[in-house]
K.L.:
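Questions regarding the structure given below will be posed in turn.
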Amino acid sequence: MEYNFQQIEKAAKEFWQEQQVYKVSNESSKPKYYVLDMFPYPSGAGLHVGHPLGYIASDIFARYKVMKGFNVLHPMGFDAFGLPAEQYALETGQHPAVTTEKNIARYKEQLNNIGFNYDWTREVRTSDAKYYKWTQWIFVQLFQSWFNRKTQKAEKIESLMELFNKEGNASNPAPGDDTLSFTAEEWNLKNEAEQRAVLMQYRLAYLDHAEVWWCEALGTVLANDEVVNGVSERGGYPVEKKKLSQWFLRITEFADRLIDSLNNLEWSEAMKEMQRNWIGKSEGASVKFHLSPAISKGEEDASGVIEVFTTRPDTIFGVDFMVLAPEHELVNEITTAAQQAEVEKYVAYVKSRSERERQAEKKISGCFTGAYVVHPFTGKEIPVWISEYVLAGYGTGSIMAVPAGDDRDHAFAKHFNIPVTNIFGDLYNGEAAVSDKNVTIQNSEFISGLSVKEAAAKVLAALEEIGIGTRKINYRLRDAGFSRQRYWGEPFPVVYKGNVPYIINEAGANLPEAMQQLPLELPHVENYKPGPEGEGPLANIADWVMVTNNDGEILKRETNTMPGYAGSSWYFLRYMDNGNEETFASQNATDYWNQVDLYIGGTEHAVGHLLYSRMWTKALSDLGFLSFDEPFKRLVNQGMIGGSSRLVYRISGTNKFVSAGLKDNYTCDEIHVDVNIVDGVQLDIERFRQWREEYANAEFLLEDGKYICGSLLEKMSKRYYNVVNPDDVVAEYGADTFRMYEMFLGPIDVSKPWDTKGIEGVHRFIKKFWRLFNDEQTGWKVTDETPIDAELKVLHKTIQKIESDTERFSFNTAVSQFMICVNDLMDLKCNKRAILEPLVQLICPYAPHIAEELWKQLGNEGSIIHAPFPQWESKYTVENTKVYPVAINGKSRTELEFDLDADPAFVEKEVLANPVILKWLDGKEPKKFIYVKGRMINVVI
RNA sequence: GCGGGUGUGGUGAAAUUGGUAGACACGCUAGACUUAGGAUCUAGUGCCGCGAGGCAUGGGGGUUCGAGUCCCUCCACCCGCACCA
């Protein structure tokens, strides 16, 4: 019987479907294990062979854990809201719900084709109202919470209101506005709107004003990466910044916890570093420098201060000048009349430069303002400059420049001839700043001779004493924008009474009962054009936007929608209990499944999704809804699969193509050709002629009768014609071959190119595996003979290797081991059930379809999915002799076999009597004899 | 610039604690079977050399009886952040 994968795989899939073998229960006496794949966005392009890499790995691991006796949750669902569907709707008029549905159906078909063990009864879709009801609900929880810095936890907003009642906000400054200060009496005198305005400065989901890119010509708001060089990427229209009222998540309050708890996660160091860098915590001091009244613009500014943030307070005696960002609000105030013209000119110059220009050419530029500040310790006057190298958005937008200790400050000082104060003694040579932190501070009054750390502490104490400095921690992380001016996303369950936002079920809104319920469904629209003034398309539906409450007041709904990461920040929780209508997931379910034990996905979500999910989990945990505060215990990053493009060479100006080996003789144009009409590097000329009309009459210059293409490694992308669809590969070789080949390509975390040709080796292996059981002519050939030791040894060594390789995600070497095993059994002509049956169980996680078929042929009832993973026995894997490599001076020269417990003196005698060794000794006495038991033997001469 | 990672045959890659470098495949070469071969099977395949042998894990240096693996140094490439005070 021949290996007919189409038939075998179809039958296996139908059997799984019928028997519901992948259905997972929340009730089990087995230990649990949660394997999660990253949430796919169902794009119109479908999957290419790079996408399933991680899915295959997680599927293998999930199946392995099942066979090892775990209750395994391995779900799949779709991140179904998002911009591309809306963009497509704008272009074609098709409703996003329709195209999304279609794309999901296609994705599911492609996924099922590969034979994954998903429990589809747990599928979730973010665009489903039953799902986004809970996305909205979590938003409400965040709105009704604040972050208590003392407990480092999210708490209900009521606990904050109680504190205000008792003591004002003295001990709980507002994260949204640190100048806000009031007493209990003042709090109680505020009316509802005023109180709510205060609370807004604390809420974890809050409303603030933020700038977006507004494009008048397109009538829409653009994302940062849709704006290139100050114009829209599409169409090249001018864009301007527009201030809109937008929702934010106060993720910055969680910054410390997000950094600290990284230590308990099994993530790659690279991933953790990316998160740490993104959060960008730096510890230092905030220092206020008083403007010098003598030179400042007028006496009335005498009390003005420039506040800076520095991580090096120890260098304060090396401050030679101050630098403000050109956009800094003080610039106008402090500039002297004499410098006015020059400063204006410089500010105008900076404004004319785009972000890109500023980043591309880093020439030194700046301008003196004419103002001075006073050094807090020496009383020296320090000039204040402006320069674009200081960023308005980081710290306070101003720095104290220490040229002796900072490269940029040093370059600036040299460029403008500002004298440099040396605070590092001989270490500073006048040519380059000393950025080393392992130094002794000198020439610095009360901190001279101290280390950086000691000096910093002393300076801080001194600054605090005179009241102009405090210890300060600064973060690069910004609060996350949570509003999108789009249609295809979750609507906010928010109404505005005047300018004051209320959740639809808050008493203050006083909406009719029926309007207070979640979900607030996304209304159907007929067109997806943006609303007026940068608002989302929902703003166009007047009768949806305007609602009348029980007091007869007209309230306005929020017309923005939530961003893509809203739904994906908590989807892993919904899988645990996706049908629940009472809560996002029952406490029982979340307690049982707990953290995701293994999360596999790409690095592209390093600082977006993975950071937001962590914050949401922490908040939900703090508020008592979850018993864990980190979502993903172990994270494995899959590498990308690159495309291997194929090129043909057309002699310029002709329709004649030359084979790669001859192309250097002509002037040629390189043209990408569809990889699917090339076998390896050999072009299928007929299909090429059919590929495009213009090539129908193409001529060819061949080598050895073949047209050989050039090849190039690039991203797998439509525009390079190098996209390989898994469906095609599965149709030609079967899903089992495809799965094993993807794993065989190399380590899971390394990026590598796709090479369709290489799959044949794996396909041959599967066929050989099949032939251990079935002969193409004579049929079934498995016998019940008793296996010999050599066969048992092959089996048990393979079990041992597959187990350890699977445990450490070394799937490529596991596939190799299967190949070695089959080659060995072929050589041994082994067709014995006692060997082959455990082998079928062993390969089941990797090649589930063929395993299911052979399991049946072996006469077993039920699915192999429920069979255990085989156990290896050490009596078959432990050797009692060893073929030792025998080396002379570390170079192997021969091999000799000894018992593992051989007497060293005996070994030495035998080795030194060996003819090969004698030849190398050439009559000399060995200087040293090294015998490492079980490893090797080395003779030193 | 900073941080992280990777450099091994023509290609994808193995080598788990310092112990036979290149397992397993692709490709290539030769052969067998065959109407045919893009099926299957056999043998060979790091480089130099007729051979003995020598040289080989990005380059250079070191530790060691022994280094792809450890240390120092330089180089190249990839990823992330990027005038972050």
Side-chain angles (χ1 to χ4, degrees), chain A residues 268-278 280-282 284 308-312 315 323 325 358-359 362-364 387-391 393-402 405-409 411-412 435 474-476 603-604 606-607 637 639-640 644 679-682 684 711 741 744-747 749-762 764-765 767-768 771 776 801 804-805 807-808 810 812-823 883-895 919 926-932 934-941:
Chain A
S268 71
E269 207 38 54
M271 210 64 166
K272 291 186 185 179
E273 270 308 300
M274 271 191 246
Q275 293 222 334
R276 285 192 200 104
N277 290 341
W278 191 258
K281 179 178 184 174
S282 54
V308 300
F309 174 73
T310 175
T311 55
R312 293 290 302 274
T315 61
V323 188
R358 282 177 71 160
Q359 280 174 20
K362 293 175 183 173
K363 56 181 181 185
I364 300 163
S387 170
E388 62 177 344
Y389 86 87
V390 172
L391 306 175
Y394 185 75
T396 60
S398 48
I399 61 156
M400 57 176 227
V402 181
D406 181 279
D407 289 331
R408 286 155 307 153
D409 296 348
F412 193 86
S435 46
N474 209 15
Y475 300 92
R476 201 183 75 99
T603 53
E604 68 272 17
V607 292
N637 295 118
M640 303 239 287
S644 182
D679 178 41
V681 288
Q682 189 185 345
D684 183 329
S711 63
Y741 182 54
F744 186 65
L745 282 174
D749 53 339
V750 172
S751 292
K752 54 245 161 187
W754 175 262
D755 169 23
T756 300
K757 200 79 187 159
I759 200 169
E760 282 167 16
V762 176
R764 260 173 227 141
F765 152 75
K767 283 195 276 188
K768 272 195 234 172
R771 287 203 300 269
E776 295 184 4
K801 174 92 170 127
S804 76
D805 281 354
E807 288 281 354
R808 63 195 176 91
S810 182
N812 56 328
T813 53
V815 175
S816 298
Q817 181 59 40
F818 279 121
M819 290 173 170
I820 292 167
C821 171
V822 166
N823 290 344
V883 179
Y884 283 90
V886 183
I888 305 291
N889 289 339
K891 273 199 199 318
S892 301
R893 296 300 177 186
T894 187
E895 289 178 346
K919 190 191 99 185
K927 285 206 192 95
K928 201 167 173 182
F929 186 84
I930 294 153
Y931 166 55
V932 184
R935 291 282 183 198
M936 48 73 68
I937 294 161
N938 190 14
V939 184
V940 185
I941 51 177

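Throughout, a chain's letter reflects where its sequence line sits, starting with A, and its residues are numbered from 1.
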K.L.:
If I pick the C1' atom on B/rA14 and the same atom on B/rU20, what distance separates them, to the nearest angstrom?
P.N.:
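Comparing C1' positions in B/rU20 and B/rA14 gives a spacing of 14 Å.
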K.L.:
Can you check the A/Arg408 CZ to B/rG1 C1' distance for me, whole Å?
P.N.:
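For the pair A/Arg408 CZ and B/rG1 C1', the rounded distance is 10 Å.
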K.L.:
Before you tell me yes or no, could you show the steps for A/Asn277 and A/Arg476 under side-chain contact (heavy atoms from CB on, under 4.5 Å), namely the whole-Å CA-CA distance, both residues' side-chain angles and the distance that decides it to 0.1 Å?
P.N.:
CA-CA 8 Å; A/Asn277 290 341; A/Arg476 201 183 75 99; 5.9 Å; no
K.L.:
Identify, with sequence neighbours excluded, every residue that meets side-chain contact (heavy atoms from CB on, under 4.5 Å) alongside A/Asp684.
P.N.:
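Result, side-chain contact (heavy atoms from CB on, under 4.5 Å) vs A/Asp684: A/Glu686, A/Arg687.
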K.L.:
Just checking A/Arg276: base, sugar-phosphate only, or nothing, at a heavy-atom cut-off of under 4.0 Å?
P.N.:
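The residue A/Arg276 makes no contact with any strand.
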K.L.:
With syn defined as a glycosidic angle within 90° of 0 and anti as everything else, classify B/rG61.
P.N.:
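Anti for B/rG61; the angle lies over 90° from 0.
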K.L.:
Produce a footprint string for nucleotides 39-55 of chain B: one letter per nucleotide, 5' end first; B if the base is under 4.0 Å from any protein heavy atom, S if only the sugar-phosphate is, - if neither.
P.N.:
-SS-----------SSS
K.L.:
Please give me the minimum heavy-atom distance between A/Ser282 and A/Thr311, naming the atom from each residue.
P.N.:
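In terms of heavy atoms, the two residues are closest at CB-CG2, 3.9 Å.
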K.L.:
Using the test side-chain contact (heavy atoms from CB on, under 4.5 Å), find all partners of A/Lys801 that sit at least two apart in sequence or belong to another chain.
P.N.:
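Residues passing side-chain contact (heavy atoms from CB on, under 4.5 Å) with A/Lys801: A/Asp805, A/Arg808, A/Thr813, A/Gln817.
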K.L.:
Establish, from distance only, whether the side-chain atoms of A/Asn938 and A/Lys928 form a donor-acceptor pair under 3.5 Å.
P.N.:
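No - no donor-acceptor pair under 3.5 Å links their side chains.
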K.L.:
Using the ring-ring contact (aromatic ring centres under 6.0 Å, His included) criterion, which residues pair with A/Phe765? Sequence neighbours excluded.
P.N.:
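Applying ring-ring contact (aromatic ring centres under 6.0 Å, His included) to A/Phe765 gives none.
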K.L.:
Rounded to the nearest 0.5 Å, what separates atom NZ in A/Lys919 from atom OG1 in A/Thr894?
P.N.:
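The OG1 atom of A/Thr894 is 10.0 Å from NZ of A/Lys919, to the nearest 0.5 Å.
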K.L.:
Report the distance from atom OH of A/Tyr389 to atom CD1 of A/Ile364, rounding to the nearest 0.5 Å.
P.N.:
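Separation between the atoms: 9.0 Å.
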K.L.:
Check A/Leu391 against A/Ala325 and note the closest heavy-atom contact, atom names and distance.
P.N.:
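Here A/Leu391 and A/Ala325 meet closest at C-CB, 4.0 Å.
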K.L.:
Between B/rG46 and B/rA23, how far apart are the P atoms? Round to whole Å, please.
P.N.:
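One P to the other, the span is 9 Å.
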K.L.:
What's the gap between B/rG9 and B/rG68 when it is taken at their C1' atoms, as a whole Å value?
P.N.:
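Straight-line distance between the two C1' atoms is 14 Å.
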K.L.:
Base, sugar-phosphate or nothing for A/Glu895? Non-hydrogen atoms, less than 4.0 Å.
P.N.:
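Counting heavy atoms under 4.0 Å across all strands, the contact made by A/Glu895 includes a base.
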K.L.:
Once ring-ring contact (aromatic ring centres under 6.0 Å, His included) is applied, do any residues pair with A/Phe744, and if so which ones, sequence neighbours excluded?
P.N.:
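Listed in chain order: nothing, the list is empty.
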K.L.:
Tabulate atom names and distances for all N/O pairs under 3.5 angstrom spanning the protein and nucleotides 60-67 of chain B.
P.N.:
{"unit_1": "B/rC65", "atom_1": "O2'", "unit_2": "A/Asn938", "atom_2": "ND2", "d": "3.2"}
{"unit_1": "B/rC65", "atom_1": "O2", "unit_2": "A/Asn938", "atom_2": "ND2", "d": "2.6"}

K.L.:
In this structure, how many angstroms lie between the C1' atom of B/rA13 and the CG atom of A/Asp805, rounded?
P.N.:
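About 14 Å, once rounded to whole Å.
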K.L.:
Hey, could you give me the CD1/OH distance between A/Ile937 and A/Tyr884, rounded to the nearest 0.5 Å?
P.N.:
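Atom-to-atom, A/Ile937:CD1 and A/Tyr884:OH are 6.5 Å apart.
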K.L.:
Quickly work out the A/Lys801 NZ to B/rU16 P distance and round it to whole Å.
P.N.:
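It is 9 Å, rounded to the nearest whole Å.
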K.L.:
Taking only the C1' atom of each, what is the distance from B/rG59 to B/rU8 in whole angstrom?
P.N.:
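After rounding to an integer number of Å, I get 15 Å for this pair.
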K.L.:
Round to the nearest Å and state the distance from A/Asp749 atom CG to B/rA13 atom P.
P.N.:
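Result: 11 Å.
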K.L.:
If you restrict it to nitrogen or oxygen atoms, what contacts under 3.5 Å exist between nucleotides 6-12 of chain B and the protein, and what is each distance?
P.N.:
{"unit_1": "B/rG12", "atom_1": "O2'", "unit_2": "A/Leu745", "atom_2": "O", "d": "2.5"}

K.L.:
Quick one: does any side-chain atom of A/Ser268 pair with a main-chain N or O of A/Met271 as donor and acceptor, under 3.5 Å?
P.N.:
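Yes; at least one donor-acceptor contact below 3.5 Å.
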K.L.:
A/Gln682 has an atom CD; how far is it from atom P of B/rG38, in whole Å?
P.N.:
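Rounding to the nearest Å, CD of A/Gln682 and P of B/rG38 are 9 Å apart.
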K.L.:
What's the gap between B/rU42 and B/rG49 when it is taken at their C1' atoms, as a whole Å value?
P.N.:
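After rounding to an integer number of Å, I get 28 Å for this pair.
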K.L.:
When the distance from CD1 of A/Ile820 to P of B/rA25 is rounded to whole Å, what number comes out?
P.N.:
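These atoms are roughly 7 Å apart.
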K.L.:
For the pair made of CZ in A/Arg935 and C1' in B/rG18, what is the distance, rounded to whole Å?
P.N.:
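Rounded to whole Å, this separation is 9 Å.
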K.L.:
How far does the P atom of B/rC41 sit from the matching atom of B/rC48, given to the nearest Å?
P.N.:
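That atom pair is separated by 30 Å.
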K.L.:
Below 3.5 Å is the cut-off: list the nitrogen or oxygen pairs between protein and nucleotides 2-4 of chain B, distance only.
P.N.:
{"unit_1": "B/rG3", "atom_1": "O2'", "unit_2": "A/Glu273", "atom_2": "OE1", "d": "3.2"}

K.L.:
For A/Tyr394, give me all partners under ring-ring contact (aromatic ring centres under 6.0 Å, His included), at least two apart in sequence or on another chain.
P.N.:
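Checked A/Tyr394 against ring-ring contact (aromatic ring centres under 6.0 Å, His included); zero matches.
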K.L.:
Could you work out, with side-chain contact (heavy atoms from CB on, under 4.5 Å) as the rule, every residue matching A/Arg312, not counting sequence neighbours?
P.N.:
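Only A/Thr310, A/Asp314, A/Thr315, A/Phe424, A/Lys437, A/Val452 meet the side-chain contact (heavy atoms from CB on, under 4.5 Å) criterion with A/Arg312.
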K.L.:
Under a 4.5 Å cut-off applied to non-hydrogen side-chain atoms, are A/Met819 and A/Val762 in contact?
P.N.:
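Yes. Closest side-chain heavy atoms under 4.5 Å.
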K.L.:
Would you please name every residue forming a side-chain contact (heavy atoms from CB on, under 4.5 Å) with A/Lys757, sequence neighbours left out?
P.N.:
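A/Asp679, A/Asp755, A/Glu760.
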K.L.:
What integer number of Å spans the C1' atoms of B/rC50 and B/rA67?
P.N.:
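Their C1' atoms lie roughly 33 Å apart.
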K.L.:
Let me know, please, whether A/Tyr741 or A/Val883 comes out on the 5' side of the other along RNA chain B by nearest nucleotide.
P.N.:
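Result of the comparison: A/Val883.
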K.L.:
Fill in the dot-bracket string of RNA chain B, one character per base: . for unpaired, | for a pair to another strand, ( ) or [ ] for pairs within the strand, taking Watson-Crick or G-U pairs under 3.5 Å.
P.N.:
(((((((..(((......[....)))((((((.......))))))(((....)))..(((((..]....))))))))))))....
K.L.:
When the nearest nucleotide of RNA chain B is assigned to A/Asn474 and to A/Ser804 on a heavy-atom basis, which residue is associated with the more 5' position?
P.N.:
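Of the two residues, A/Ser804 wins.
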K.L.:
Which heavy atom of A/Asp409 sits nearest to which heavy atom of A/Asp406, and what is that distance?
P.N.:
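That closest heavy-atom pairing would be N-OD1, 3.0 Å.
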K.L.:
Taking NZ from A/Lys757 and P from B/rG38, how many angstroms apart are they, rounded to a whole number?
P.N.:
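Nearest whole value for this atom pair: 9 Å.
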K.L.:
Just compare B/rA14, B/rG27, B/rC84 and give me whichever is closest to any side-chain atom of A/Thr813.
P.N.:
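Nearest listed nucleotide: B/rA14.
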K.L.:
Identify whether any heavy atom of A/Asn823 sits under 4.0 Å from a base atom; if not, whether one sits that close to sugar-phosphate; answer base, sugar-phosphate or nothing.
P.N.:
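A/Asn823: backbone/sugar contact only, no base atoms under 4.0 Å.
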K.L.:
Could you give the distance separating B/rG10 and B/rG58 at their P atoms, to the nearest angstrom?
P.N.:
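13 Å, rounded to whole Å.
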K.L.:
Search all heavy atoms of A/Pro885 against all heavy atoms of A/Arg935 and return the closest pair with its distance.
P.N.:
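Closest approach of A/Pro885 to A/Arg935, heavy atoms only: CD-O, 3.5 Å.
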